[in-house]
Peer 1: 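Before we start, here is the structure in question, set down as structure tokens.
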Amino acid sequence: MVVFDRDALDHLVTALRDRGFDVVGPTVRDGAVVLAPLESGAELPCGIRDEQNAGRYRLRPGGDGAVFAHAVGPGSFKRWLYPPEATLWAARRTEDGFALEPSERRVRKLALLGARSCDVAALAIHDRVLASGPHLDADYAARRAGAFVVAVDCLTPGGTCFCASTGTGPSVAGEFDLRLTELCDPGRHLFLVEAGSDAGREVLRGLPHRPASDAERADADERRRAAADRMGRALDVDGLPAILARADDDPRWEETAERCLACGSCTLACPTCFCHTVEDRTGLSGERAERVRLWDSCFTLEFSYIHGGSVRASRAARYRHWLTHKLSGWVEQFGTLGCVGCGRCITWCPAGIDHTVEARSVRESHATRGVHP
């Protein structure tokens, strides 16, 4: 564990760019902290905090100059590792039929700066689902293979955060190259830094730093513990997968559907949702065709369309499927919840639907009706 100051954070961005990385990190744009390509550390959101609640997001000045005093914004690193559109294959007409064009995946190395604990947990889920096993997503695997992760402990959770409930934060765990803990007080602005890989250690060697003192380590530990007690939301996950698996007929689904717009904002904001569709495109000349993977959402009617109709025709059925899959089906499929407690789906739902409330209601309903896991 070492320490560097605020200026060294700017040097870190430069060092990563000098090594050929495209640096993606938080910056302020259009009234929100968004993830975007960075050219320098000056673009980071210094002195910015946010206020988040169901269907509500506002920025306000922080006053202390902290770089990571905000919680997560509307987007996630999914957009760069699993982009909204990707070509799966292309073919060109030949005299004998057609020939597949060789893949020309020009994937630049990505440095993901400012990944919170929920983001790191989401990366681990995607690594398990998309980059391993019998159904490898070659595009994701290529982008992920060279990614450099600069993780940041979340010391100021937002009003919709509940990562402490899902065991995914606020302290970063899992795989990272560098892990930062920001200590910002009047007269002091430091980052405790831990290297989690050889690549991280190599980058850290080129930055000015010193060993962390025992007092600084203890301070960081205390701030992490305090953050866990300041979660804006809570979700009781004990026995929840089994409860939801038996809740097909719960009246709560219809009640929620009265508010749900089926707009898909929750799936767009979610760092783990990976539902997609494929689209075949042919040029007007008929000489070339390609198949493209596009983001999709289980909230659309077309997503479950099968020879003549949608399997989930009602909004109630689609919301039930989404929530049940996140908090139950994923456990059976992948051995983990599909939710990392980031709260993005709650903040960015235009109807303010809070799935921690919906899950609690289903739990209480089934306890009342005598249905137990």
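Counting from 1, the numbers follow the sequence of the chain as shown.
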Peer 1: Are side-chain heavy atoms of His276 and Leu294 found at a separation under 4.5 Å?
Peer 2: no
Peer 1: Just wondering, do Val150 and Asp177 contact through their side chains at under 4.5 Å, heavy atoms?
Peer 2: no
Peer 1: Looking only at non-hydrogen atoms, find the nearest pair between Ala195 and Gly200 and report the distance.
Peer 2: CB-C, 4.1 Å
Peer 1: Dump the intermediate steps for ring-ring contact (aromatic ring centres under 6.0 Å, His included) on Phe191 and His189, then the final yes or no.
Peer 2: CA-CA 7 Å; Phe191 293 88; His189 195 171; 5.4 Å; yes
Peer 1: Can you tell if the side chain of Lys78 reaches within under 4.5 Å of the side chain of Trp295, non-hydrogen atoms only?
Peer 2: yes
Peer 1: Are side-chain heavy atoms of Arg288 and Arg93 found at a separation under 4.5 Å?
Peer 2: no
Peer 1: Indicate yes or no: at least one non-hydrogen side-chain atom of Cys163 is less than 4.5 angstrom from one of Ser117.
Peer 2: yes
Peer 1: Donor-acceptor pair, Thr267 side chain versus Gly264 backbone, under 3.5 Å?
Peer 2: yes
Peer 1: Do Phe162 and Ile346 come within less than 4.5 Å of each other through their side chains, counting heavy atoms only?
Peer 2: yes
Peer 1: Only counting residues at least two apart or in another chain, list the ones meeting side-chain contact (heavy atoms from CB on, under 4.5 Å) with Ser304.
Peer 2: Ser310, Val311, Arg312
Peer 1: Going by side-chain contact (heavy atoms from CB on, under 4.5 Å), name the residues that satisfy it together with Glu175, two or more places apart in sequence or in a different chain.
Peer 2: none
Peer 1: Honestly curious: do Val172 and Met231 fall in one hydrophobic cluster under the side-chain, below-4.5 Å linking rule?
Peer 2: no
Peer 1: What heavy-atom pair brings Ala359 and Leu323 nearest, and what distance separates the two atoms?
Peer 2: N-CD2, 4.3 Å
Peer 1: Indicate yes or no: at least one non-hydrogen side-chain atom of Glu43 is less than 4.5 angstrom from one of Pro26.
Peer 2: no
Peer 1: Check the orientation of Phe274 and His126. Use parallel for under 30°, tilted for 30 to 60°, and perpendicular for over 60°.
Peer 2: perpendicular
Peer 1: Other residues, nucleotides and ligands only: do more than 12 of their heavy atoms fall within 6.0 Å of CZ on Arg79?
Peer 2: no
Peer 1: Can you list every pair that meets ring pair (Phe, Tyr, Trp, His ring centres under 6.0 Å) and has a residue in residues 19-70, with sequence neighbours left out?
Peer 2: Phe21-Phe148, Tyr57-Trp348
Peer 1: Trp330 vs His325 aromatic rings, parallel, tilted or perpendicular, using cut-offs 30° and 60°?
Peer 2: tilted
Peer 1: May I ask you to decide if the ring planes of Trp253 and Tyr319 are parallel, tilted or perpendicular, using 30° and 60° as cut-offs?
Peer 2: tilted
Peer 1: Can a donor-acceptor pair be found between the side chains of Glu358 and Thr256 at a distance below 3.5 Å?
Peer 2: yes
Peer 1: Is the cationic atom of Arg293 (NZ for Lys, CZ for Arg) positioned less than 6.0 Å from the six-membered ring centroid of Tyr82 and within 45 degrees of its normal?
Peer 2: yes
